Engineer: 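This is the structure I have questions about; it appears just below.
If you're wondering where the values come from, they're calculated on a predicted model, not measured in any experiment.
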Amino acid sequence: MKIQYDKQADALYIYIGKGPIKKTLKAGGNILVDLGEKNRIVGVEFYKISRSAPQETLRSISVELPVAA
């Protein structure tokens, strides 16, 4: 799993799986869920994230964990 913040886009993206995105669903006000094969979650995007998260939290986010196959 990887978490990435793009300051210019003001978006936080959580990479949950791998593979091409087949469709994107709106899951709330500023939340998008990307789905891949068999409707498995590939990632979740929080856009306009600075409106709901403190700047200190967004300055340095990068977490990578092994994903079980």
Engineer: Assess whether side chain to side chain contact (heavy atoms under 4.5 Å, CB included) is satisfied between Ile3 and Tyr13, documenting all intermediate values.
Structural biologist: CA-CA 6 Å; Ile3 301 172; Tyr13 196 86; over 6 Å; no

Engineer: With a 4.5 Å limit on heavy-atom distance, are the side chains of Ile49 and Asn30 in contact?
Structural biologist: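 Heavy-atom side-chain distance check fails, nothing below 4.5 Å.
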
Engineer: More than 12 foreign heavy atoms under 6.0 Å from CG of Leu25: is that the case here?
Structural biologist: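 Count over threshold, so yes.
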
Engineer: Grab the two heavy atoms, one from Lys26 and one from Leu32, that are nearest each other, plus how far apart they are.
Structural biologist: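 In terms of heavy atoms, the two residues are closest at CA-CD2, 4.0 Å.
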
Engineer: Please lay out, stage by stage, how Lys22 and Asn39 fare under the test side chain to side chain contact (heavy atoms under 4.5 Å, CB included).
Structural biologist: CA-CA 8 Å; Lys22 298 294 182 180; Asn39 287 326; over 6 Å; no

Engineer: Can you see which heavy atom on Asp10 is nearest to which on Ser50, and at what distance?
Structural biologist: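 That closest heavy-atom pairing would be OD2-OG, 2.9 Å.
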
Engineer: Determine, stepwise, if the pair Ile14 / Phe46 fulfils side chain to side chain contact (heavy atoms under 4.5 Å, CB included).
Structural biologist: CA-CA 9 Å; Ile14 302 173; Phe46 300 85; 3.8 Å; yes

Engineer: Work out which heavy atom in Ala27 is nearest to a heavy atom in Val33; give both atom names and the distance.
Structural biologist: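 Smallest heavy-atom distance, with atoms named: CB-CG2, 3.7 Å.
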
Engineer: Is Leu35 close to Ile41 at the side-chain level, that is, under 4.5 Å between some pair of heavy atoms?
Structural biologist: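 Side chain of Ile41 against side chain of Leu35, heavy atoms only: contact under 4.5 Å found.
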
Engineer: What distance separates Tyr47 OH from Ile31 CD1, expressed to the nearest 0.5 Å?
Structural biologist: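 Nearest 0.5 Å value for the OH-CD1 distance: 9.0 Å.
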
Engineer: For Glu45 and Ala11, work out which heavy atoms get closest and say how close.
Structural biologist: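 Scanning both residues completely, I find the closest heavy atoms to be OE2-CB, 3.5 Å.
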
